[in-house]
Structures are given as C-alpha cells and as structure tokens.
There are 4 protein chains.
Amino acid sequence: MPHHVSSPARLEAFSDGVIAVIITIMVLEIKVPHENGLAGLHAILPTLGVYALSFAFTGIYWINHHHLVHRTEEADTNILYANLVFLFFLSLLPFFTSYLLEKEIDSFSVAIYAASMVITGFSFLLLRIAIGSRLKKSGAIEQEDIAAQRKHYLSLALYLVAIPLAFYHSYVALGVVAMVTIVWIYPTAAVKPHEETFSPRP
Amino acid sequence: MPHHVSSPARLEAFSDGVIAVIITIMVLEIKVPHENGLAGLHAILPTLGVYALSFAFTGIYWINHHHLVHRTEEADTNILYANLVFLFFLSLLPFFTSYLLEKEIDSFSVAIYAASMVITGFSFLLLRIAIGSRLKKSGAIEQEDIAAQRKHYLSLALYLVAIPLAFYHSYVALGVVAMVTIVWIYPTAAVKPHEETFSPRP
Amino acid sequence: MPHHVSSPARLEAFSDGVIAVIITIMVLEIKVPHENGLAGLHAILPTLGVYALSFAFTGIYWINHHHLVHRTEEADTNILYANLVFLFFLSLLPFFTSYLLEKEIDSFSVAIYAASMVITGFSFLLLRIAIGSRLKKSGAIEQEDIAAQRKHYLSLALYLVAIPLAFYHSYVALGVVAMVTIVWIYPTAAVKPHEETFSPRP
Amino acid sequence: MPHHVSSPARLEAFSDGVIAVIITIMVLEIKVPHENGLAGLHAILPTLGVYALSFAFTGIYWINHHHLVHRTEEADTNILYANLVFLFFLSLLPFFTSYLLEKEIDSFSVAIYAASMVITGFSFLLLRIAIGSRLKKSGAIEQEDIAAQRKHYLSLALYLVAIPLAFYHSYVALGVVAMVTIVWIYPTAAVKPHEETFSPRP
C-alpha cells in the first residue's frame with residue numbers, strides 16, 4: 001500500500017472528528033466550585049480562562065489545518081502519518097491543560113504547557129512540510145504558503161521563549177503564550193485584504 | 001492567508017462534530033441514583049428534565065446553525081472565527097448544566113445557566129451577522145433571514161429576563177428558559193407553511 | 001424558516017457524530033476490576049456482555065438510520081426534529097446501561113433498560129413516519145419500507161414484553177432483549193436476497 | 001432491507017467518528033501526577049508511552065481502514081456488520097489500555113492487552129474478507145490487496161506470540177507489540193515506491 005494517493009476528504013473528516021473531541025472534552029475537566037454564588041464563579045475564573053486559551057489554541061490549529069489541507073488535492077501516506085503525529089500531540093493538550101490547573105499554574109506546569117504547544121507546533125510543521133513537498137511536485141506552491149510558514153516559525157520561537165520564562169514569572173509566561181495565540185488570530189483575519197483580489201480561490 | 005474563501009463543508013463537519021460531542025457528553029454527568037426501584041427513578045427526574053432542556057437547547061442551535069450556514073456558499077475567515085466563538089460558548093453548556101444540578105437549581109445557578117444561554121445566543125448572533133454581511137455582498141439576503149434575526153432578538157430578551165427572575169423564583173425562571181426554548185421550536189415547525197410554495201430551496 | 005427542505009447530508013453527518021459518541025463513551029464506564037489475573041477478567045464479563053448488547057443495539061440503529069435516511073433525498077423541519085427526538089432517547093442508553101450495571105442487573109434496572117429501548121424504538125418510529133410521509137408525497141414509498149415498519153412493530157412488542165418479565169426473571173428478560181436485538185440483525189442480513197435484483201439502488 | 005448496496009460514504013463518516021472518539025478519550029484516563037516538577041513528569045512517562053502505543057495502534061487501523069474502504073465503491077449489509085464488529089473490538093482498546101496502566105503493566109494485563117489487539121486484528125480481517133469478496137465479484141481485486149492481507153496475517157501472528165511471552169517478560173512482550181505496530185507503519189510508508197507509477201489511483 002505504499003504512497004497511496006487519495007482525496008483528502010477522509011483525512012479532513014477524521015481530523016475534524018479528533019479535533020472536535022479534543023476541543024470539547026476539556027470542558028469535562030472544569031469542576032463545579034464548592035462555594036455558592038459569586039464566590040464560586042470567582043473561584044473558577046482562572047479555570048475558565050485557561051480553558052478559553054486551550055480552546056482558542058485548538059480552534060486556531062483547526063483553522064490552519066483547514067487552510068493547509070485545503071491547499072492539496074491529494075493525500076499520500078506521508079501526509080496521513082504526519083497528520084496522525086500532529087493529532088497525537090494535539091490530543092495531549094487536554095491533559096496538559098488539566099496539569100496546569102491542578103498544579104495551580106505553577107512554574108513547571110506552565111513550562112510543560114508551553115512545551116506541549118511547541119511540540120504540537122513542530123508536528124504541524126511536519127505536516128506543512130509533507131503537504132508543501134507534494135505542492136512543490138505539482139508546482140502549486142505559492143508565496144502565501146511561504147509567508148504562512150514564516151509566521152509559523154515566529155510563533156514557535158515565542159512559545160519556546162515562554163518555557164524558560166515560566167521559571168521566573170509563570171503568569172507572565174502564560175501571558176506570552178496567550179498573546180502569541182491571539183496575535184496568530186489577528187493578522188490572519190485582518191492583514192493584506194487586497195491580496196485576495198489577486199489570488200482568489202474557488 | 002487573509003480572507004480565504006472556501007466552501008462551508010468543513011465548517012459544517014467540524015461544527016457537527018463539536019455539537020455532537022457537546023450534546024452527548026452531558027449524559028455522562030447523570031449519576032445513577034443510590035435508591036433502588038421507583039424511588040431512584042423519581043430522584044433523578046429533575047436531572048433528566050434539565051438534561052432534556054440542555055439537549056433541546058443544543059439541538060435547536062444545531063438546526064438553526066444548519067439553516068444559517070446552508071444559506072451561504074462561502075466561508076471567509078470572519079465566519080470561521082465567529083463560528084469558533086459560538087462553539088466555545090456552546091461548549092460551556094455541559095459545565096453550566098452540571099452547575100445547575102450540583103447546586104440543586106438554586107437561584108444563582110439558574111441565573112448563571114440562563115446567562116450562559118444569553119451569551120451563546122449573542123455569539124450565534126455574531127455568526128449570523130458575519131454570514132449576513134457576506135450574503136448582503138452577494139445580494140442573497142432575504143426577508144426570511146431578517147425574520148429569523150428578529151425572532152432571535154426576542155428569544156435573547158426573554159432569556160435575559162430569566163436572569164434577574166432567578167433570584168425571586170428559580171423554578172419559574174427555569175420555566176421561562178424552557179418555554180423560550182420550546183417556543184423557538186414550535187413556530188419554526190408549524191408557522192407559515194404556505195411560504196414554502198413561494199420560495200422553495202433546492 | 002418553516003418547512004425548509006435541504007439535503008440530508010448534514011442530518012447524516014450530525015447523527016453519525018452523535019451515534020459515534022454514544023456508542024464509544026459507554027466503554028468509559030467499564031471499570032478495571034480490583035482482582036488480578038483471570039479472576040478480574042471473570043468479574044467484568046457481565047459488564048462486557050451488557051456493553052456488547054448496548055453496542056449492538058446502537059450499531060443496529062445506526063444501520064437502520066443509514067437505510068432510512070438514505071431513502072429520502074430531502075430533509076424537512078419535521079424530519080430534523082424527529083431525528084433530534086430519536087437521538088435524545090438514544091443518548092440516554094449509556095446512562096441506562098450504567099444503571100443496569102450499578103444495580104447488578106436487578107429487576108427494576110432491567111425493566112428500565114428495556115423501557116428505554118422501547119422509547120428509543122418509538123422515537124425511531126416517529127422518524128420513520130416523518131420520512132415515510134415525505135416519501136409518500138413524492139410517490140417513492142415501496143413495499144420494502146412497509147415491511148421494515150412491520151418488523152419494527154414486532155421488535156417493539158417484544159421489548160415491551162421484557163418490561164413486566166423483568167420483575168419475574170431479570171436475566172430471562174435481558175435475554176429476550178438480547179435475542180430481539182440479534183434477531184433484528186439476522187433477517188436483515190440474510191432474508192430475501194433475490195429482491196435486490198428486482199429493485200437495485202444506486 | 002437485505003443486501004442493500006449503498007455508497008461507503010456514511011460508513012466512512014461513522015467509522016471516522018467512532019475511531020476519532022476512541023483515539024481521543026484514552027487521554028482522559030491519564031491522571032495528573034501528585035509529584036511536582038520533573039518527578040511528576042517522570043512518573044507519568046510509562047503512561048504516556050502506553051498511550052502513544054494505543055494511539056499509534058488506533059491511528060494505523062484508521063489508515064488501513066481508509067485504504068481498505070477506499071477500494072470498494074459499494075457497502076453491502078455484510079460490510080456494514082463486519083465494520084460494526086471491528087469497531088466494537090477497537091472500542092475496547094481504551095479499556096484495555098486503562099487495564100494495563102492500573103495493573104502497572106503486569107503479565108496478565110499485557111497478555112490481555114495483546115489479546116485485545118489480536119481480536120481487533122481478526123475482526124479487521126473479517127472486514128477485509130467482506131470487502132474482498134465484493135471486490136472479487138466485481139473483478140477489482142488486485143495483487144496489492146493480497147499483499148496487504150499477507151502482511152496482516154504476519155502481524156496477527158506476532159501479536160499472538162506476545163500473549164504467552166507476557167507471562168515470562170511483560171515488558172519484552174509489550175516491546176514486541178510496540179515493534180509490530182511500528183513495523184506495520186514503516187514498510188507502508190517506504191517500501192516499493194515504484195509500484196505507485198504502475199498503478200496510480202484517481
């Protein structure tokens with residue numbers, strides 16, 4: 001069965017399923033507080049914040065996954081395995097999110113949470129390379145793909161910085177992680193709207 | 001990757017996955033009662049009722065999501081992000097359902113449960129606006145879209161009323177929430193059947 | 001949005017997602033036994049058996065759902081709501097399966113388990129009627145659809161018999177439930193193979 | 001409804017959903033360690049390793065399922081039931097993974113874990129035979145299908161060897177299981193790349 005080439009439809013369907021489960025089961029970990037009234041709500045605010053961050057991280061990967069896989073019309077075996085590796089590391093996020101919360105956002109748990117984001121990012125890079133090499137073969141690689149890859153390197157570098165930073169200021173490090181995630185959203189939604197005119201996609 | 005325009009197929013698939021997980025994991029929270037026989041069944045009736053309400057709420061959002069996304073043929077980045085925000089707030093529903101049950105339907109838990117429905121409703125409105133602005137651009141907006149939006153405002157206003165009401169009569173407030181949800185179902189299924197004849201959709 | 005008519009593709013996707021979660025989360029309830037070695041395996045055999053039964057029940061409903069929805073080319077609002085009601089009752093199966101196991105297959109838990117199967121069956125009948133009335137409108141109803149419905153009534157009647165029977169012999173009643181489920185499989189797979197030749201479907 | 005022949009699209013969608021849930025819920029079982037810092041991380045390394053193995057096992061079955069179902073253009077009732085049986089045994093993997101971890105990788109738990117992989121493998125063989133018999137009917141069976149089946153027998157034999165081996169050296173047996181899983185990946189990704197040139201698929 002080597003180098004089978006198939007449509008990416010089922011790759012997308014399976015990845016959608018896995019990412020949908022990952023993004024949703026995290027909420028199962030949020031425990032109802034013992035305190036009643038506003039005090040209880042106040043007690044779970046950090047938990048909700050961390051959950052929101054992990055949700056955003058996963059959601060942004062879904063959008064990027066969507067854009068990336070959308071670029072190729074074929075999924076070979078390398079792409080299927082790179083995708084599995086990516087999904088594996090992403091599937092650890094609910095665990096590292098629980099880790100962060102049970103250890104009450106201490107230095108080590110923030111470092112390990114940021115490290116899991118770095119590893120997930122690297123595995124997504126693998127998928128990007130696997131798809132890129134397929135696009136290059138068919139001559140379909142574009143300026144935009146290279147720009148996306150450059151942005152990807154930058155975000156990985158910043159997640160990396162958060163790891164040692166966590167041992168000095170765990171909350172600042174978590175803030176860096178959150179900011180990188182948010183910054184990743186912002187330009188995608190707002191920068192270079194004119195480019196669309198030049199390279200519309202069906 | 002700005003303002004990428006793609007078919008909404010994967011948006012639907014991912015949303016279906018997330019909503020399917022949300023609607024199903026809530027049942028994991030229903031605990032088998034300690035009492036045997038009819039007494040046990042009686043003990044869990046309120047739980048089953050609240051679960052049914054949350055299930056109906058989620059299911060109706062799925063149907064509305066289905067109708068809304070069905071209206072557009074393209075999903076731009078704004079729509080993808082608005083959809084993620086909506087799914088985020090919807091994914092908190094299992095948590096607020098547990099909250100309601102563990103706090104035994106006290107005032108604060110009903111207020112917070114109704115508040116979560118209001119926020120989910122507002123985020124769905126964001127998605128409606130993102131898709132509506134795309135429809136307006138392509139001149140595909142219709143009378144019916146505006147009617148759906150008006151009905152949406154009304155239901156949000158009634159969920160809002162349930163929040164302060166919860167502090168006087170928590171069960172009455174929960175009843176208001178349930179009624180709004182049921183009323184949302186009813187007219188959709190039964191009103192204006194003749195309109196179909198005038199504006200059939202493929 | 002009344003009597004919207006859309007392709008059943010998303011109805012199928014959502015139902016597949018919900019049924020996939022239902023069928024899989026039940027296994028989360030199986031607890032690792034305290035005993036070591038064969039004694040431990042022996043201790044969980046009844047649990048595995050009940051899980052297999054619930055899995056088969058859900059799986060057979062998926063196959064029947066597949067065949068039923070496949071028959072229609074359009075999903076109107078009635079069908080969407082009937083489908084939600086069916087999914088609601090099916091989603092209670094993991095709960096009633098836990099009920100059965102935690103109460104150690106006592107009479108009441110078997111009766112309630114069989115009752116949940118009856119209610120799920122009735123709600124599937126609602127879906128069958130909603131789709132059937134659509135098929136009748138378009139003149140696409142067939143002999144086979146009516147035969148499937150008759151078989152459906154029979155299985156419901158037998159699940160119903162299991163409810164009072166549970167109070168005399170809980171294991172016999174569970175056996176009846178299991179047999180009805182298995183019998184439902186058998187003829188579907190083996191009876192009337194020649195009919196296929198006369199009415200092939202694309 | 002006998003021998004209904006339908007497109008395998010929904011079979012794929014449902015299987016993708018079930019496998020996505022199976023592969024992801026396993027991570028819910030990983031408990032945050034009590035120890036802080038590196039000691040805690042060290043304590044959960046075996047757990048992460050076993051989780052990675054179960055993830056790889058499931059992921060590889062997904063890829064093989066993808067390739068297998070991709071080969072047929074029709075799904076008859078036999079294929080639907082064989083697929084359900086396969087999904088049933090695969091869905092037990094999270095349970096046997098917990099078993100392995102809670103019993104701290106003792107002999108019996110490794111034997112039972114390997115046995116569950118053998119049974120899952122046999123049920124996949126059933127699915128392969130159900131699809132193969134359909135392919136033979138339509139004359140679409142190929143050399144490659146037979147090669148895949150031979151490789152399948154080999155891996156089953158090696159998983160089988162791991163069962164008695166577990167009673168002598170549980171870690172060696174687990175290593176055999178891991179190696180078979182990895183070896184299954186390797187040649188699929190790397191062997192016989194020239195064959196692709198001779199038999200490209202659309």
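Within every chain, numbering begins at 1; the chains are lettered A, B, ... in the order of the sequence lines, protein sequences first and strands thereafter.
Here the closest heavy-atom approach between residue C:Gly17 and residue B:Ala20 is recorded as C-CB, 3.6 Å.
C:Phe108 has its side chain out of reach of B:Asn36: every pair of non-hydrogen atoms, C-beta onward, lies at least 4.5 Å apart. The shortest side-chain heavy-atom distance between C:Leu80 and B:His67 falls under the 4.5 Å cut-off. Taking 4.5 Å as the limit, every side-chain heavy atom of B:His34 sits out of range of all side-chain heavy atoms of C:Glu102. In this structure the side chain of C:Phe14 never reaches within 4.5 angstrom of the side chain of B:His66, judged on heavy atoms. Considering only heavy atoms from C-beta on, C:Phe95 stays 4.5 Å or farther from B:Tyr51 through its side chain.
The structure places CD1 of B:Ile30 at 11.5 Å from OH of C:Tyr99, a figure rounded to the nearest 0.5 Å. For the atom pair CD1 (B:Ile63) and CZ (C:Arg10), the distance works out to 10.5 Å, reported to the nearest 0.5 Å. The structure places CD1 of B:Ile25 at 13.0 Å from CD1 of C:Ile22, a figure rounded to the nearest 0.5 Å.
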*Please lay out, stage by stage, how C:Leu92 and B:Phe55 fare under the test side chain to side chain contact (heavy atoms under 4.5 Å, CB included).*
CA-CA 11 Å; C:Leu92 292 174; B:Phe55 190 101; over 6 Å; no
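At a 4.5 Å heavy-atom cutoff, the contact between C:Leu87 and chain B is made by backbone and side-chain atoms alike.
Interface summary for chain B: among C:Val85, C:Asp106, C:Ile19, C:Leu84, the most heavy-atom pairs under 4.5 angstrom belong to C:Leu84. Most heavy-atom pairs under 4.5 Å with chain C: of the set B:Gly59, B:Ser15, B:Gly40, this distinction falls to B:Gly59. Among B:Thr24, B:Val69, B:Leu28, the residue making the largest number of heavy-atom pairs under 4.5 Å with chain C is B:Thr24.
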